[in-house]
Structure formats: C-alpha cells, structure tokens
Undergrad: 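Before anything else, here's the structure in question.
To find a chain, count down the sequence lines: A is the first, B the second, and so on, and within it residues start at 1. As a basis for the values below, the full set of heavy atoms in this structure was taken, side chains included, without hydrogen atoms, waters or symmetry mates.
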Amino acid sequence: MNEKTNENSNFIHDFIDIDLEEKVYDHVHTRFPPEPNGYLHIGHCKAMYINFSTAEKYHGLCNLRFDDTNPIKEDVEYVESIMEDIKWLGFDWEDRLYYASDYFEELYEFAEHLIKKGKAYVCDLSQQEVREYRGTPTEPGKNSPYRERTVEENLDLFRRMRAGEFPEGSRTLRAKIDMASPNLNMRDPVIYRILKSSHHRTGDKWCIYPMYDFQHPLSDALEGITHSLCSLEYEDHRPLYNWVVNECEPEHRPRQIEFARLNLTYTVMSKRYLRELVETGIVSGWDDPRMPTLCGLRRRGYTPEALKDFCDRIGVAKTNSTVDYALLEHCIREDLNKKADRVMAVLRPLKVIIDNYPDGQIEYFEVENNPENPDSGTRNVPFSREIYIEREDFMENPPKKYFRLYPGGEVRLKGAYFIKCESVLKDPLTGDIKEIHCTYDPASKGGNSPDGRKVKGTIHWISAAHAIDAEARLYDKLFSVPNPGEDGREYEDDLNPNSLEVLTDCKVEPRLREASMGKGYQFLRMGYFCPDSKDFTKERPVFNRIVGLKDSWAKVAKK
RNA sequence: UCCCGGUUUGUGUAAUGGUAGCACAACUGACUCUGGAUCAGUUUGUCGAGGUUCAAAUCCUUGACCGGGAGCCA
C-alpha cells in the first residue's frame, strides 16, 4: 500500500531531490521528535507519517527521539503511551530510540565551545528584565549589561551554574547574536536555564537544561539527521537553527524544512483544549472514542491502515488548511468495506411475528460474511417465527419512495423469506407500536420468489429466540460546527449534544459474543462497529459505532 | 507598525513558462438480496490590478486578505 506513497511527491521531496542531486547529502535520515508531555493525536500522525514515509521513499531511516529537555512538563507515563501509539500505527524506529536527554553532556560541551568562541555569555538579567531588553517586533532590543563578559568569566560562571551554585532563574546562558535583529528569536536567545527539578531520565544529575532552539539542531546533528521536518511554527526559528549548527560546528549539518500542521473540521487539536475536554469530564478520558487522540481513534475502531491512507491523501504543503472530516470517514469506510465481516444487528428492535410460520420451527440460512471478499466465507443464521427488525424499517404511514415494510407491503428479510405486513399491534394507552404481524411466502425461501416477483426493500433481522442482548454506543462528531470556537465563540459552545447515544436494548447475532478486539464489523445497513476495548465482555457485549454507512435514504427522507 | 510564511472549485492537493488534473464532498443515472459497495457521468477554481511573453497559476511590479512571531515551553 505504500507503493502509492512513493509515487507521490511534495515540496519537501523536491527539496530533498535537489539536495541529493547537488550532493549536499548522499542519503536521507529523518526523525520523529515528540515531547513526552501528552498524548499523541491525529496531527502527530501526520508528522510521523511525513517523517517515516519520507525516509522510506529514499531508502533512508527515521529515528524516534523524545524531546525531553523540560523536566517540569515531561513524564515517563507519556513515553510509554507514545511508543505504544507509534507501534500500533506500524511505524518502526528499529533500534533507533533516542532521548534528547541522552545528549546532555555533549550539549554542554557544545555550549562551552560557544562560550570559548565568544558566541555565548552568562546573563544575570531576571526573566522580567530579559523581556524588557528584548524590545518589540517594531523596536530593536538593548544589549544585556552582561553581554561583554570575558570568556574566562563566562566559562567560570557557566560551570558554576552546572555545579548548582546559583538559584533557579538567577542566570541563563545566552547566545550572542544580534539584539537588533528583526527576528526576535535571534535577539540573544536563552540557550540554557537553571531548573532545579529532577528529570524523568537523568534524575538530579543536572540543574541546567538546554532550550529547544539549542538542543534540537544539535540532537539532529548528533544523530546524523539530514532533513529535520517540523511544523510551520518553527519557521521563524530556522535562522537560529542554522546559527547553532554553524557556530557549534558539529560533524553533520542537518537541514530544517517546515510544513503545515493538520487541522480537521469538527475537531479541536490543541493539547490545551484536549486536556480541558478530559479534565472537565466532557469526554470520558484521553481515549474517549470521540477524541482525535490516537488512543481515542483506536478505541473508536479506526485502523492504522485507514489513518495512514488519510495522511497520504491530505498531502503536504505550507498552506494553513483544514481538512474535511468527511475524508477521514471515507478512509475508514474504504478500509473496513474490504475487511469487515457483515453481521446482522438490530439496534432498535421491533418484534415481528410471522403468523403462518410453524411455531417452534427453526431454519438456518447461509449468508456471506463479506460480499466484497469471497475468501471471508459464509455463516448460517437461525430463523424462526418471531424475529426482530429495526424500528425504522417499518412505517405505518410511509412517505413516497419508502421501500421498507408498511401495512400491506412486502420486503425481503436478508437471506431468508419475503414477508408481508398484515397488521399492527399497538399499546391501547400510548398508541406505541408493540409488534407487527406478517405472513411469509414459503416459496421465497433463500430470498427469491420463483414467480419472479420483485421487492424493493431488503432488511436485516434477527431471530428473537437466538438473539443476544448488546449495547451499542453511537458516536458522532464531538462538535457540531466545522470550526469550533470560531467567530469569538467558546469551543464548548459548539459541542455536539448528540455526539454519543447509548442503545442498551440491541439484539445481535450470537457470534458477536466472540467478537475480536480491534476488529471492525459491519452491522448490516447500520454502520461499522467494533467491540469496546474497555467495556466489552461476553456477558455484556458493548460495541462502538466507528462510522455509519453512507445513507442515501436519509437524504431522500429529508426532502 | 516590524519580521517570516501563505493564497489553485465546497475541502485538500497537483501542474516548476505550453491542454488547469486528482481525491473527498455534492448532484445525475445504471446496477444491486445492504437505500452499502460498484460503475458511468455532471457542476464548481488560479485573491485583485498592472506588466513581460507567441504563451503566465507559474516570471516582474503593486495592492488585498489570511496565518505565525516579543517563554528561562516545545
């Protein structure tokens, strides 16, 4: 399936082609650098896909590197979940698992190198003062009074910073670049800060930690990364990235290329919003099936194949764009259409009694598991006098073009018989339909009538005596508008009140008691479902709706 | 206001001076024991204004609009 990938090109590949041609590099080596401070979402999936598939296209390698230089925010808990998600998607970093924290010693050496070259200095300005000295986008900054310290003094101070002699926040190491640069990132950026907090991997060994802008290009260089692919927000940092590479003089010289991050309609993607959704209980957790997190999508029933296909289709560019959620749905439908076994499940049951069918008789009908895949075989489903059909498959007063069941009308029960509705039994008090009575045509056994009579509708059904009870969770988009929080609204105002409907009285085929975890099923005519990884038990099967089937009747009915 | 980036149909994304294409969405129709799938077809686009050229989405000038940027976050 990745053959398709390799045919595609994009502006990053164009740059790489030129680099290869001009012999700037003779191979391609990328990296995926998550910060272990949260859960991965579908936006990360895009970044991962770009990095891994680019390496693959050029027969190169892609590393996994945790960008863990801020001990305050990071935790091993996230390292585990991130690796799990990447593995699940099927990306393989082989033996190249790295941590920026592994490079603390080398990074420190590079910093001393900079000091010795007169390109970095220890600054005693407070955080507030640094901000004031920085200037604004329209006004240049002012030089720090500590900018002209001697190399010896800087070296001494920096070593004492490392030794823990100074309190947190009292001093920083800054790159000596240009306080008048129109690019704020070049106005003597801080490259080391004192942080007296223990790190999830290095413990209390360090009390100074490198900043991203210093650490990242050097980590890339140390790993021999050729193309450091990142999102657009780092575009303004590229001059600094290059400055660090040029001044530190590492053996390898990586190149940074930026692309636009993924936005999806009907979705929020920022870590902050996702966290709020979890913390306020709007969703049940990071893995709530409505979340765009990879663990959420996995629990929802999305497959790695569908997600990667999606990443392939959305392309790579520098334009800020918002991809239509419908494309994601298309990808999972397309994947599951080929793979998912069909099964009959009645979500909102309506009892049907076939008056002329012998009481106590049971027949088995052979139905195919997946018409799209002959290899999937067939199964036998039991039929009897009392069955359930979907409530929406019967209407007492049908509109035009409704070709399901109605009084006097005839439909085919999938794989079984034609039945005709003879009467409707209602609750005398509420008027609710309790059950309907039908007659069947014995000659239509298997679903066809020898007299050539046609029926327009085929509906799914389940033998009442054989059905097992199940719960279905009908998930829909978390938000009801394409761009939540747009036009000054709060994103909470745009939540879809119907993003979850729980149906507890479903009737499904007995085989679903043995449903395999992680596998998607098509509930015939209803949509794709999968067993819920947390709540499914044989005693109480619980299914999540992954996505509905395209429903052209719904469109007609709306008119 | 300063710096950086961007603008191709409803949404994404190609076309790198030479037929504006593909996918999703939408809409027709065919077929169907899933109103699914499949198949066939249709609609809609180069941000504006100038210029260069036989020829411009592409090059030049200029304007508009959108996104990002003043963490000891990444």
Side-chain angles (χ1 to χ4, degrees), chain A residues 8-11 14 33-35 37 67-70 72-74 100 123 125-127 130-132 134-141 168-174 181-187 189-195 208-209 211-213 215-216 230 232-239 258 260 265 271 312-331 333-334 337-338 342 344 367-368 370-372 401-404 411-416 446-448 455-460 482 522-527 548-557:
Chain A
N8 292 348
S9 194
N10 58 53
F11 79 99
D14 293 344
E35 184 189 12
N37 73 341
D67 234 332
D68 57 350
T69 49
N70 186 351
I72 296 162
K73 291 187 175 180
E74 295 148 7
C123 182
L125 253 25
S126 70
Q127 198 161 158
V130 168
R131 197 176 306 133
E132 286 162 9
R134 186 156 34 227
T136 70
T138 49
E139 309 159 73
E168 188 165 304
S170 62
R171 286 178 222 261
T172 56
L173 183 71
R174 295 229 258 161
S181 171
N183 182 342
L184 285 311
N185 296 121
M186 300 297 270
R187 320 246 262 226
V190 170
I191 57 177
Y192 263 92
R193 76 283 213 189
I194 300 171
L195 245 32
I208 55 171
Y209 292 92
M211 298 289 290
Y212 170 87
D213 285 313
Q215 165 271 124
H216 203 91
C230 63
L232 244 31
E233 51 189 315
Y234 294 104
E235 210 160 18
D236 289 333
H237 296 244
R238 192 183 342 127
E258 314 83 15
T265 56
K271 233 168 237 181
D312 192 55
R313 288 170 186 254
I314 59 178
V316 185
K318 296 192 74 159
T319 319
N320 283 302
S321 60
T322 304
V323 174
D324 195 338
Y325 190 85
L327 182 61
L328 220 208
E329 294 191 323
H330 168 79
C331 291
R333 281 196 192 101
E334 189 175 74
N337 180 44
K338 291 176 301 192
R342 273 57 169 170
M344 289 201 274
V367 296
E368 50 196 348
N370 184 352
E372 301 297 317
K401 289 194 202 163
Y402 182 85
F403 45 84
R404 277 114 94 152
V411 294
R412 170 168 38 231
L413 294 174
K414 170 80 181 175
N448 284 300
V455 288
K456 273 199 281 192
T458 300
I459 64 175
H460 61 283
Q522 189 194 99
F523 287 7
L524 215 63
R525 304 204 303 131
M526 303 309 286
L549 256 24
K550 277 204 221 163
D551 188 353
S552 53
W553 164 246
K555 284 175 193 167
V556 176

Undergrad: Using a 4.0 Å cut-off on protein heavy atoms (strictly under), produce a 5'-to-3' string for nucleotides 63-74 of chain B with B for base contact, S for backbone-only sugar-phosphate contact, and - for none.
TA: ----SBBBSBBB
Undergrad: For nucleotides A25(B) and A20(B), find the distance between their P atoms and express it as a whole number of Å.
TA: 27 Å
Undergrad: Could you state the atom-to-atom distance from NZ of Lys414(A) to C1' of G35(B) in whole Å?
TA: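 From Lys414(A) NZ to G35(B) C1': 13 Å.
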Undergrad: RNA chain B: Val323(A) or Lys401(A), which has the more 5' nearest nucleotide?
TA: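 With Val323(A) and Lys401(A) compared, the 5'-side residue is Val323(A).
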Undergrad: Where does RNA chain B form stems of at least three consecutive Watson-Crick or G-U wobble pairs, each pair having both distances below 3.5 Å?
TA: B:2-7 with B:64-69, B:10-13 with B:21-24, B:26-30 with B:38-42, B:47-51 with B:59-63
Undergrad: Side chains of Asn370(A) and Gln522(A): do they bring a donor and an acceptor to under 3.5 Å?
TA: no
Undergrad: Determine the interatomic distance between P on C3(B) and the same-named atom on U9(B); round to the nearest Å.
TA: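 So the two P atoms sit 29 Å from each other.
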Undergrad: For Met526(A) and Val316(A), find the nucleotide of RNA chain B closest to each by heavy atoms; which residue's nucleotide sits nearer the 5' end?
TA: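 Whichever sits nearer the 5' end wins; that is Val316(A).
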Undergrad: In this structure, how many angstroms lie between the P atom of U32(B) and the CG atom of Asn370(A), rounded?
TA: 20 Å
Undergrad: Between the side chains of Thr136(A) and Thr138(A), does any donor sit under 3.5 Å from an acceptor?
TA: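 On atom types as modelled, these side chains qualify, holding a pair under 3.5 Å.
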Undergrad: Tell me, for nucleotides 21-26 of chain B in 5' to 3' order, what letter each nucleotide earns: B for a base near a protein heavy atom under 4.0 Å, S for only sugar-phosphate near one, - for neither?
TA: --SSSS
Undergrad: Give me the distance, rounded to whole Å, that separates G45(B) from G10(B) when you measure between the C1' atoms they each carry.
TA: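 Going atom to atom, C1' in each nucleotide, I get 11 Å.
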Undergrad: Above 12 or not: heavy atoms from other molecules or residues under 6.0 Å from NZ of Lys271(A)?
TA: yes
Undergrad: For the backbone of Ser9(A) and the side chain of Asp14(A), can you confirm whether one donor and one acceptor N or O come within less than 3.5 Å of each other?
TA: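 Side chain of Asp14(A) to backbone of Ser9(A), a donor-acceptor pair under 3.5 Å: no, none is there.
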Undergrad: Output the single nucleotide from G12(B), A14(B), U34(B) whose closest atom is nearest the side chain of Arg525(A).
TA: U34(B)
Undergrad: Salt-bridge test for Glu258(A) and Arg238(A): reply yes if a basic N is under 4.0 Å from a carboxylate O, no otherwise.
TA: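 Looking at Arg238(A) together with Glu258(A), the answer is yes, because their closest N to O distance falls below 4.0 Å.
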Undergrad: Tell me: CD of Glu258(A) to P of G5(B), nearest whole Å?
TA: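 In whole Å, G5(B) P lies 10 Å from Glu258(A) CD.
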Undergrad: Expressed in whole Å, how much space separates the C1' atoms belonging to G41(B) and A64(B)?
TA: 39 Å
Undergrad: Using a 4.0 Å heavy-atom cut-off across all strands, classify Asn37(A) as base, sugar-phosphate, or nothing.
TA: nothing
Undergrad: Nearest whole angstrom, please: distance from the C1' of G5(B) to the CZ of Arg238(A).
TA: 9 Å
Undergrad: Which whole number of Å gives the distance between the C1' atom of G63(B) and that of U7(B)?
TA: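 Each nucleotide's C1' atom is 14 Å from the other's.
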